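Computed from a predicted model, the values in this text were never measured in an experiment. Values reported hereafter were calculated over all heavy atoms of this structure, with side chains retained and with hydrogens, waters and symmetry mates removed.
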Amino acid sequence: MRRVKVKLKGIEVKRHNYRYMGFAYFTDGRRDYRLPMTGTVAQWLTDGEEYTLLLNREEDIGFDDYELWGRVKIWPLWSRMYEKVISSGKNGRALYSYKILAREASYERDYEAIVELEQYHYASEENYLALWYCEKCNIYREGNMAPQCPRCGGEMKFHDLKSSTRASRFLVFEFLSRKPYEPRYIGYVRIDPPIPAMNRRLPDGKIQRDIRRRVFPREWFASIFSVKGGSGDRWEAEGEALKGAHSAVSRLARVVVHPDFRVDGLGQLSVEAMVDWLKERWIPEMRREKKAVEVIATMARYNPFLEKAGFVYLWDTGSGRPVLYRPLSGEAEVYISRFLKSDPVARGHGGRLYQPKFSPGSVLSGPLKFWGLYKGYKNELSLENLSEATLSALEAFGVKERVIERYVIKNGRITLNPGEVCVVVGSSGSGKTTLLRVLWGILRGGKDELYRPERGEWEIPENVSPQILIPGEIEPDFEELPLIEALYRICRDEAMAIEILNYVGISDAVLYRAKFRELSTGQKERARIAWMLAHRPNLVMIDEFGAHLDPSTARRVARRLSYLAREKGITFLLVTHREEIIDVLEPASIYIVGYGTLYRERTLPERGLRVMEPYASYIVDGKKRWEIRRYPTKVRGRVGIVSGGKVIGTVEITDSRGPVSLEELEENADKHLADMRFLKKYKDGKDLYVWELKNAERFPEPVEIEERKGQVSWIKLKERRKRHS
């Protein structure tokens, strides 16, 4: 690759297709170079300025045949591969992942995808978002997809988004690991120069002028892109504004992620890619290193993704819109930190804007236990109301009138612990829905025989607050209300309504105002779940969960419900037969229903804890709630209890704390059941720690496991396979 110093002689940018086509003309004093590039880049280059050109061919130079450097790399356009692994919140294992290519928009198809995605953006005020151009007829038309020219009938070309300026730069995200039915583009970011001026509205309504210069150096905002004049040619005016623009701060004008993918944090990934782009290429104008990114976003009050992506709330604009900053340098961090500590209003909010609202009314105060459940099925097969032809056909098979009786559930037993996910599986017609009906009838105390067991016993916490969904039988009634209004009328908090919709994967503000009948089948399923959550239940039961969701969407929604169980303490009982959903749900227990049977599937956790007797038995019987060790543990969730080379049951580790004194242990002897003489000897001058345990379960039969050398306290559990002679 040959390196040469060149000066810019001029650029060629045509108005109608400048986003994806342009030329820059350079000279090294001996020969001239015509370099193809996008007009969004070419228009920022400065006449007479010196650049470094690296060539891998001398003639007919194409888009991929050179590199161009100024103070930073200018061409080829920036791109980078990212992989986001979605991990279990329970044990950290990888559940699934996304492979995404982030790159600056360069093709017409990129901008066509941006227009489609822009329709999902909450702030889009226009019905028609883009302008399209016919090269033959030299006319422009508005539209959200490429229209046909009204004169010649030919397909028009993309010109620009109506909301953007010539200074705007776009980063698109291509989904590389997508299924055939999933979108190619899952999001984009738009970067602009900072707005020309910014005032601040104080809580008392007073206005502070030019607030940015009270916080950051004045020279950071000294040369901002600002279009002068009002009645002239906007295109030319913006071109003049490009020439002197350079700022130490960029503005995040848009970050749009396809609504089906927002629940997995791809908005945060988009911001991280944007940060890499800005740091390496000094976007948008490439003339000055970027110290920070600002964003003005009212939606940040209702969605935390900007703060999760590292943005800090500083103030409201004069019109009352929140302003957040993401520092890109240590210098910016110092200025932001100083402002948050010194400003009286900022000290009050501490840089935090979003406040989560959703939680269950209360977490279940104890497990729900049902045993000895019986539910029968009775059906009288009649030959009434049949035509002569069908009656003759049935008589040919010897069919008679008959009463059919059988048990759907016989001596069934099920336990639902607070904050756990429980899954019910079984073949079609095996009794899964009947189980939900029976539990619902017990909880609601109705007299309808369809929902009452013939007999059984149960223990139910007094504070149980259930919701159930049995499609086609027990469903929400949205009336003719928009989704957000229907949820608001239940929970009486608009922020909570939005939060709930986001939890179930309806995070597109356009859909917030949709009516239930206007939704797709999969969106309706998510809306039903949101309706139940709006009642703030501590127990949610759903029949055929995920039945109308594609595999990828089902995994995303399942992961959010699993999160709600862990973080909010909601108990879920979900009927499903789909393995990919069960894998992501990571249920604490799986119950199998099969034509009269109802039993818990025995599953081993990933790891086991070796405990001596009698303490191992005390743990799995729920008598021992504290395990005393000489060290803390980061392990959380369900583990196996190993005694005598066998797993005798399981328990959840919920917390680890310490060091604790012998005095505290003596006061709580009923929790750890250890002899104090043993504990004093065990302590031996070292610290002692408490591992808190709950939701113990003893296996009906101990499970033999394979033990490897070197395993002491913790054991990786693997069931020993029995050899048959």
Side-chain angles (χ1 to χ4, degrees), residues 89-92 363-367 369 415 417-420 459 461 566 569 588-589 602-720:
K90 191 173 182 180
N91 54 31
V363 178
L364 284 171
S365 57
K369 297 182 179 180
T415 299
N417 291 310
E420 285 190 348
E459 292 179 6
R566 293 192 313 273
S589 54
R602 189 193 67 199
T603 56
L604 291 181
E606 290 186 0
R607 68 176 80 198
L609 177 66
R610 185 182 281 115
V611 182
M612 70 175 67
E613 289 291 0
Y615 302 112
S617 291
Y618 291 164
I619 289 175
V620 298
D621 289 335
K623 298 176 181 177
K624 180 176 169 65
R625 293 169 288 159
W626 285 8
E627 172 70 358
I628 311 302
R629 297 277 171 156
R630 289 177 176 167
Y631 53 90
T633 181
K634 294 182 179 179
V635 174
R636 297 292 184 272
R638 190 162 293 278
V639 300
I641 299 301
V642 180
S643 174
K646 298 178 181 179
V647 182
I648 63 172
T650 65
V651 75
E652 277 189 52
I653 300 177
T654 61
D655 198 7
S656 172
R657 60 183 182 84
V660 293
S661 65
L662 288 172
E663 289 75 17
E664 182 180 354
L665 293 177
E666 189 167 15
E667 291 175 3
N668 292 276
D670 61 317
K671 296 178 180 177
H672 58 77
L673 302 180
D675 183 81
M676 288 306 300
R677 288 177 297 177
F678 167 78
L679 287 179
K680 289 176 183 178
K681 183 178 180 181
Y682 179 64
K683 179 175 174 61
D684 191 27
K686 298 179 174 61
D687 291 332
L688 295 180
Y689 294 83
V690 167
W691 299 2
E692 295 187 1
L693 313 174
K694 75 170 187 177
N695 295 333
E697 178 193 18
R698 178 187 280 275
F699 286 164
E701 296 291 335
V703 180
E704 291 190 21
I705 56 171
E706 297 178 2
E707 294 191 70
R708 298 178 181 177
K709 293 181 179 180
Q711 294 179 331
V712 185
S713 295
W714 289 108
I715 301 171
K716 189 173 181 179
L717 296 181
K718 184 177 181 181
E719 186 171 352
R720 184 186 298 277

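Pairs passing the salt bridge (charged side-chain N to carboxylate O under 4.0 Å, His left out) check and including a residue from residues 612-621, sequence neighbours excluded, read Asp621-Arg698.
Taking the six-membered ring where tryptophan is involved, the planes of Tyr615 and Tyr618 are perpendicular, since the angle between them exceeds 60° and thus also 30°.
Counting heavy atoms from C-beta on, the side chains of Asp684 and Arg630 come closer than 4.5 Å. When side chains are defined from C-beta on, Ile628 counts as touching Val690, because their heavy atoms get closer than 4.5 Å. For the pair Arg636/Ser656, a side-chain contact is recorded, criterion being any heavy-atom separation below 4.5 Å from C-beta on. In this structure, the side chains of Glu692 and Trp626 come closer than 4.5 Å at one or more pairs of heavy atoms. Taking the side chain as every heavy atom from C-beta outward, Asn695 and Thr654 never approach each other to under 4.5 Å.
Between atom CD of residue Glu420 and atom CG of residue Leu364 there is a gap of 11.0 Å, rounded to the nearest 0.5 Å. Here the straight-line distance linking atom CG of Asp670 with atom NZ of Lys624 works out to 11.5 Å at 0.5 Å rounding. Note: Leu693 CG to Arg638 CZ = 11.0 Å, rounded to the nearest 0.5 Å. Between the CD1 atom of Ile641 and the CD atom of Glu697 there is a distance of 12.0 Å, given to the nearest 0.5 Å. With rounding to the nearest 0.5 angstrom, the CZ atom of Arg629 is 4.5 Å from the CG atom of Leu609. The line from CG of Asp655 to OG1 of Thr633 is 10.5 Å long, rounded to the nearest 0.5 Å.
Aromatic pair Trp691/Tyr631: ring centres closer than 6.0 Å.
Val620 and Ala696 get closest at one heavy-atom pair: O-CB, 3.7 Å. Annotation for Pro367 and Asn417: closest pair CB-OD1, 3.3 Å, computed over non-hydrogen atoms. Among all heavy-atom pairs drawn from Gly366 and Pro461, the shortest one is O-CG, 3.0 Å.
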**Request:** Give the intermediate values and the outcome of side chain to side chain contact (heavy atoms under 4.5 Å, CB included) for residues Leu688 and Leu662.
**Result:** CA-CA 8 Å; Leu688 295 180; Leu662 288 172; 4.2 Å; yes

**Prompt:** After noting the C-alpha distance and the side-chain angles of Lys716 and Arg607, does the key distance pass the side chain to side chain contact (heavy atoms under 4.5 Å, CB included) rule?
**Reply:** CA-CA 5 Å; Lys716 189 173 181 179; Arg607 68 176 80 198; 5.9 Å; no

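Scored by the side chain to side chain donor-acceptor pair (under 3.5 Å) test, Glu606 finds no partners at all (sequence neighbours excluded). Residues that satisfy the side-chain contact (heavy atoms from CB on, under 4.5 Å) test with Lys681, not counting sequence neighbours, are absent from this structure.
By the 6.0 Å contact criterion, CZ on Arg677 is open, its count of non-hydrogen atoms from other residues, nucleotides or ligands being 12 or less. Counting non-hydrogen atoms of other residues, nucleotides and ligands closer than 6.0 Å to NZ of Lys683 gives a total above 12. Glu666 CD: 12 or fewer foreign heavy atoms inside a 6.0 Å radius.
In terms of modelled atom types and a separation under 3.5 Å, the side chain of Asp675 and the main chain of Phe678 share a donor-acceptor contact.
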